[in-house]
There are 2 protein chains.
Amino acid sequence: MTDAVRALRSDAARNRDLLLAAAEEEFAERGVDASVADIARRAGVAKGTVFRHFATKEQLIAAIVTKHIAALTAIARAQHDAADPGAALLEFLTAAADRRRQRDLTVLMSISAGDATVAQIRDQLHDDIAALVDRARAGGVIRADITATDVFLLICAPVHVVENLPGAPDDLWRRYLGIIFDGLRPEGASPLPRPAPEWT
Amino acid sequence: MTDAVRALRSDAARNRDLLLAAAEEEFAERGVDASVADIARRAGVAKGTVFRHFATKEQLIAAIVTKHIAALTAIARAQHDAADPGAALLEFLTAAADRRRQRDLTVLMSISAGDATVAQIRDQLHDDIAALVDRARAGGVIRADITATDVFLLICAPVHVVENLPGAPDDLWRRYLGIIFDGLRPEGASPLPRPAPEWT
DNA sequence: CGCTAACGTGACCGGATGGTCAACTTGCTA
DNA sequence: TAGCAAGTTGACCATCCGGTCACGTTAGCG
């Protein structure tokens, strides 16, 4: 839309990265209520610097969310040309959940749901998931009534399930991913009571 | 432990109920950060009254959580003697999710996880779920490697899945409960990558 | 009734938080 | 290397929140 943004000064670029990393950790540990002051301290800068890079706390969150959705998109594309469509979809869900394990950013996502950039990159992720799902469906390894939106919504389910059990093993989510993925298989599938939701 | 608590005065009892209801709504709408002042306003009382009934905000949350876990226990027991063990388990999960649909209290639960009363009534719920799960497993309608703890953890999964899609139909969660329940069925089940978690 | 213990009230407090800004420092270019 | 724009700083502000408390109000018993 507007012209390209001016290149950041070297120290500013480094501080921006430090801030994003620090904010990610802080949000993962303390939740959305992590304070900007703590984030700044963790990054080794003053509070004012945070607001130079991100006008509001919400925009900082949006930046983190954007980065993570982009990472999921990359994971999806890495499976794009895999030989086995079923294994590709499972591998995507596994890698996505694994990435989410340590830093649950779901709460952050819902906050920046209104952000235009986030919405756009999220649509892109949806498209890449659709490619995986279509191939799997065509190959008959998942049931016919499963859509990309279904898979999109189910990405974080295994990780969330485990969160309700304090002190659970780190990789317990794999168990529930197994259960859910079995639910996507055509063998012994019962008709679903509701149609798949529309995207957008 | 201590002797029975003094009976509440009539107006106090009514205000307590009003407060619990108002707090439930407020927490459901605004999340854990709903302010005590707003809750008091919604209940039509002054802020001081809130703290007369519940020493801290955490105790107010614990009271709500206790009420809701008790409701889930009642739902489980209602299916205790049902004819079809598979239908009984599905019916429990459906009723439990339905109860959770409008007011998601998962965040509240994790806050009051340390509360002794909450822990006790939660163990009770686990026991009642175990009865349902054992019957279903014995009947061969769910796979042999599913435990009561699995089901306990999966209760809120369908509702949570839908939360990531703003503007979704009210009963979309039924679709994902269908998928997950299919994942619990023995037909076409693949071995799970991790053992069931221990309870306690 | 009338009395009192239980209850309700809302002003108030200490602390924390997101955000601002004028003064200062530093990377970069010419 | 000099000069300046870009970047950094931390004190400061307005606001909000959980929790307290001295005082006014009321239910319910005798």
Side-chain angles (χ1 to χ4, degrees), chain A residues 2-65 107-108 111-112 114-115, chain B residues 2-65 107-108 111-112 114-115:
Chain A
T2 63
D3 47 1
V5 288
R6 194 178 207 81
L8 285 178
R9 224 166 71 176
S10 61
D11 56 342
R14 198 201 42 185
N15 279 344
R16 205 190 120 99
D17 290 345
L18 285 174
L19 273 172
L20 279 175
E24 216 175 284
E25 291 172 16
E26 206 70 23
F27 282 134
E29 285 177 15
R30 314 249 196 223
V32 207
D33 294 329
S35 77
V36 177
D38 284 346
I39 291 171
R41 194 175 309 126
R42 190 165 200 143
V45 301
K47 198 169 60 164
T49 305
V50 180
F51 291 101
R52 165 161 287 269
H53 288 280
F54 310 95
T56 67
K57 189 180 176 181
E58 270 194 30
Q59 285 188 25
L60 169 59
I61 292 175
I64 296 177
V65 169
V107 203
L108 303 191
I111 287 181
S112 44
D115 186 281
Chain B
T2 64
D3 47 1
V5 287
R6 197 177 205 80
L8 286 177
R9 225 167 70 177
S10 63
D11 56 342
R14 198 200 43 182
N15 279 344
R16 206 189 121 100
D17 290 345
L18 285 174
L19 273 173
L20 278 175
E24 218 176 282
E25 293 173 14
E26 206 71 21
F27 283 134
E29 286 178 15
R30 314 248 197 223
V32 206
D33 294 328
S35 77
V36 176
D38 284 346
I39 292 171
R41 195 175 308 128
R42 189 166 200 142
V45 301
K47 198 169 59 165
T49 304
V50 180
F51 291 102
R52 171 167 288 271
H53 289 279
F54 309 95
T56 66
K57 188 181 177 181
E58 270 194 30
Q59 285 189 25
L60 168 58
I61 292 175
I64 297 177
V65 169
V107 203
L108 303 190
I111 288 180
S112 44
D115 185 282

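Reminder, nothing fancy here: chain letters follow the sequence lines and each chain counts from 1.
Regarding A/Ile39, its CD1 atom lies at a distance of 11 Å from the P atom of C/dT17, rounded to whole Å. Rounded to a whole Å, the CG atom of B/Leu19 is 13 Å from the C1' atom of C/dT9. If you take CZ of B/Arg41 and P of C/dG10, they are 12 Å apart, rounded to a whole angstrom. Rounded to a whole Å, the CZ atom of B/Arg16 is 16 Å from the C1' atom of C/dA6. Rounded to an integer number of Å, the gap from CD1 of B/Ile111 to P of D/dG18 is 11 Å. For the pair B/Asp33 CG and D/dT15 C1', the interatomic distance rounds to 15 Å; values are reported in whole Å. Protein atom CG of B/Leu60 is 14 Å distant from nucleotide atom C1' of D/dG19, rounded to whole Å. Counting to the nearest Å, the C1' atom of D/dC12 and the NZ atom of A/Lys47 are 9 Å from each other.
Side-chain N/O atoms of A/Asn15 include one lying less than 4.0 angstrom from OP1 or OP2 on D/dT8. Residue B/Ser10 places at least one side-chain N or O under 4.0 Å from the OP1 or OP2 atom of D/dG28. At the phosphate of D/dT9, OP1 or OP2 sits under 4.0 Å from a side-chain N or O atom of A/Thr49. Contact annotation: B/His53 does not reach the phosphate of C/dC7 (side-chain N/O to OP1 or OP2, under 4.0 Å).
For D/dG19, its base never sits under 3.5 Å from the side chain of B/Lys57 at any donor and acceptor pair.
Among C/dG19, D/dA27, D/dG7, the nucleotide with an atom closest to any side-chain atom of A/Arg52 is D/dG7. Counting only heavy atoms from C-beta on, B/Val45 has its side chain closest to C/dT9 among C/dC28, C/dT9, D/dG19. Distances from the side chain of A/Phe51 to the nucleotides C/dC7, C/dG18, D/dA6 place C/dG18 closest. Closest to the side chain of B/Ser35, from the set D/dC17, D/dA11, D/dG7, is D/dC17.
Of the two residues near DNA chain D, B/Val36 and A/Ala12, the one whose nearest nucleotide lies more 5' is A/Ala12. Each of B/Arg9 and B/Gly44 lies near DNA chain C, and the nucleotide nearest B/Arg9 is the one positioned closer to the 5' end.
At a threshold of 4.0 angstrom between heavy atoms, the contacts of A/Ala34 are confined to the sugar-phosphate backbone, with no base atom among them.
Side-chain contact between A/Phe54 and A/Val36: absent, with no pair of heavy atoms (C-beta onward) separated by less than 4.5 Å.
Between A/Lys57 atom NZ and A/Asp33 atom CG the span is 6.0 Å, to the nearest 0.5 Å.
For A/Asp38 and A/Arg41, the salt-bridge test passes: some basic side-chain N is under 4.0 Å from an acidic carboxylate O.
Under a cut-off of 6.0 angstrom, the local environment of CD in A/Glu58 is sparse, with at most 12 non-hydrogen atoms contributed by other residues, nucleotides or ligands.
Across all their heavy atoms, A/Leu8 and A/Ala13 have their closest contact at CD1-CA, 4.0 Å.
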